[in-house]
Amino acid sequence: MSVIYQERRGDRRRALVAGSVGNLIEWYEFGVYGYFATVIAARFFTPEGGSEIEGLVKTYASFALAFFFRPVGAALFGRLGDRIGRRPVLVLVISLMTVATALIGALPTYAQVGALAPWLLTFLRVLQGLSAGGEFGGAVSVMTEFAPPGRRGLYGSWQSFTVALGLLAGAGAAALLATVLTPGQLSAWGWRLPFLLTLPLGLGALWLRLRLDETPAFRQQCEEVTPPAGEVVRAIVLGAGRIMGWAAAGYTFLVVLPSYLQSSLDASFQQALVATVLANLGFAVTIVPAGYLSDRVGRRAVMLTGAVLVVVLAVPLLDLLQDTGASNAAKGAAVLGAGAVVGLMAGPGPAMLSEMFPTRVRYTGLGLAYALSNAVFSGCAGLIITETVERTGNVDVPAYYAAATCAVSVLALLAPGTGRAR
């Protein structure tokens, strides 16, 4: 019995590591892209004499386009994952993600190849969007299907925790390069290094996934009846609504913040990165405890708390950041708290989505719910916020955006739903 227990515990540990490592790499790259948005805009989207803000908008448009290919990837790879298994599809998506991300670091710039440069970058972003769309559903399926009874929230929270680690790693890489390189070096070639680093990281992730066993739930699903298509679609829409606030507030506070602080509040690159690191630290600290708590009191209660807090605190937070008389300590505490509140939604979120779908359609269903929500409310966050601030001159736009989307999530979380989410 002890041997069997040890084997099962080893399988669960491998599932957590192999399932979450792809998310770390994915969000590391998306974080790096967001943190270097102003540099990428200058190198790929701003010909000589072009507008800097126009280049930034185009950079975020490319960012958003990759997100809109996530649902395509979720449907394509999710269908494969529900038919042939989680493991082979996760091996495929990590390979595609690694190659596409590393190639960004080797791309020629606008000054070198002209208008071809932004098209090449956009093509690689599309490949990343496809692979990222197939990543979440498979990773969460693996982690929650290997989880012991009563611990899905804890196991699923590791997916969100590695998102925080990936964003922190991206911010750390950007901060390190900004410290050791001159602005000229950073703009000329330094921005390439974080993307090239994905290659060894991806090879390590590939090795881990090749050693992963198929999940017990997938192997035992032969007696399960496929639910009606209408029921699956309803669960996808409801699931997307429930995590809308997590998607929008997360990207607003954790990724878009650096460029917003620089373009709208005249912060330096280093100051913006420090604020982002603090927000991501707050995010990381609360994720796993929130997932654990959701196993005790229910997913819905924990996620509602986070969504309501964003609705109430988003505008005061941004007002504090704009206050020239506020101390740096107060501003640091504010962004740390903002990240922590998002973590309350991100911790239980993966398990909640997993429990809304039966095994036979889980990879596809939860992957599509997550991808659709992120495509609209994360991928477009930078574009919507930057364009709206430019047109209106209202620097409170990020707060309104985060609060409005979280208000919708509150309603979706209160609505009767499928699964065991409470």
Side-chain angles (χ1 to χ4, degrees), residues 11-13 15-20 22-24 27 74 78 81-82 86 90 135-165 215-218 221 232 235-236 238-247 250 283-307 341-374 409 412-422:
D11 289 342
R12 290 165 180 165
R13 187 182 299 115
L16 279 178
V17 176
S20 59
N23 288 298
L24 188 150
W27 290 89
D82 284 329
R86 288 46 168 134
L90 284 175
E135 173 65 31
F136 181 86
V140 173
S141 294
V142 164
M143 287 185 276
T144 56
E145 288 174 3
F146 268 109
R151 302 189 72 182
R152 280 182 178 174
L154 177 62
Y155 271 57
S157 68
W158 282 91
Q159 187 279 338
S160 297
F161 183 66
T162 51
V163 170
L165 291 183
T215 71
F218 182 82
Q221 68 168 326
V232 176
I236 290 172
L238 183 60
R242 287 177 171 177
I243 65 170
M244 179 194 302
W246 164 22
F283 180 55
V285 166
T286 57
I287 289 171
V288 175
Y292 173 81
L293 183 61
S294 76
D295 285 328
R296 300 294 181 268
V297 302
R299 323 289 180 221
R300 191 176 301 183
V302 181
M303 295 184 72
L304 273 172
T305 301
V341 169
V342 176
L344 293 178
M345 295 181 282
M352 180 207 67
L353 286 178
S354 179
E355 292 169 348
M356 293 179 70
F357 300 93
T359 305
R360 193 171 291 277
V361 296
R362 180 171 292 135
Y363 197 142
T364 306
L366 73 89
L368 272 173
Y370 182 80
L372 287 168
S373 188
N374 275 269
S409 281
L413 286 163
L414 291 172
T418 58
R420 292 168 47 208
R422 292 175 291 165

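When reading the values below, keep in mind they use all heavy atoms of this one structure, side chains included, and skip hydrogens, waters and symmetry mates. Nothing here was measured: the structure is a model prediction, and the numbers come from that model.
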query: Looking at residues at least two apart in the chain, or sitting in another chain, which of them share a side-chain hydrogen bond (donor to acceptor under 3.5 Å, both in side chains) with T162?
result: none
message: Going by side-chain contact (heavy atoms from CB on, under 4.5 Å), name the residues that satisfy it together with P148, two or more places apart in sequence or in a different chain.
response: R12, R151, Y155
message: So, using ring-ring contact (aromatic ring centres under 6.0 Å, His included) as the criterion, who are the partners of Y370 when residues are at least two apart?
response: F136, W246
- request: Name all residues meeting the side-chain contact (heavy atoms from CB on, under 4.5 Å) criterion together with S373; count only those two or more places apart in sequence or in a different chain, and write none if there are none.
  value: A240, I243, M244, A247, F377
- prompt: Side-chain contact, heavy-atom cut-off 4.5 Å: W158 with V17?
  reply: no
- request: Taking side-chain contact (heavy atoms from CB on, under 4.5 Å) as the test, write out the residues that go with I236, two or more places apart.
  value: V232, F357, L368, A369, L372
query: S157 side chain to G291 main-chain N or O, any donor-acceptor pair under 3.5 Å?
result: no
query: Is the backbone N or O of G241 less than 3.5 Å from a side-chain atom of S409, with the two atoms forming a donor-acceptor pair by type?
result: yes
- prompt: Is a salt bridge present between E145 and R86, judged by a nitrogen-to-oxygen distance below 4.0 Å?
  reply: yes
Side chains of S20 and F161 in contact at under 4.5 Å (non-hydrogen atoms): no
task: Considering non-hydrogen atoms only, spot the tightest contact between R242 and A415 and give its length.
output: NH2-O, 3.4 Å
- request: Just jot down the side-chain contact (heavy atoms from CB on, under 4.5 Å) partners of A290, sequence neighbours excluded, or say none.
  value: V302, L344, P348
Anything under 3.5 Å between a donor and an acceptor, one on a side chain of residues 137-144, the other on a protein residue two or more places apart or in another chain? List them.
{"from": "S141", "atom 1": "OG", "to": "G137", "atom 2": "O", "distance (Å)": "2.6"}
{"from": "T144", "atom 1": "OG1", "to": "V140", "atom 2": "O", "distance (Å)": "2.7"}
{"from": "T144", "atom 1": "OG1", "to": "S354", "atom 2": "OG", "distance (Å)": "2.9"}

Reported CD-to-CH2 distance for the pair Q159 and W27, which is rounded to 0.5 angstrom: 8.0 Å
- request: Calculate, to the nearest 0.5 Å, the distance between atoms CG and CG belonging to L154 and L16 respectively.
  value: 8.0 Å
message: Looking at every non-hydrogen atom in both residues, tell me the closest pair between F283 and A164 and how far apart they are.
response: CD2-CB, 3.3 Å
- prompt: So which heavy atom on F146 is nearest to which on A15, and how close?
  reply: CD1-CB, 3.3 Å
- request: Report yes if some heavy atom in the side chain of E355 is under 4.5 Å from a heavy atom in the side chain of R362; otherwise report no.
  value: no
field: Set of side-chain hydrogen bond (donor to acceptor under 3.5 Å, both in side chains) partners for T364, sequence neighbours left out
entry: D82
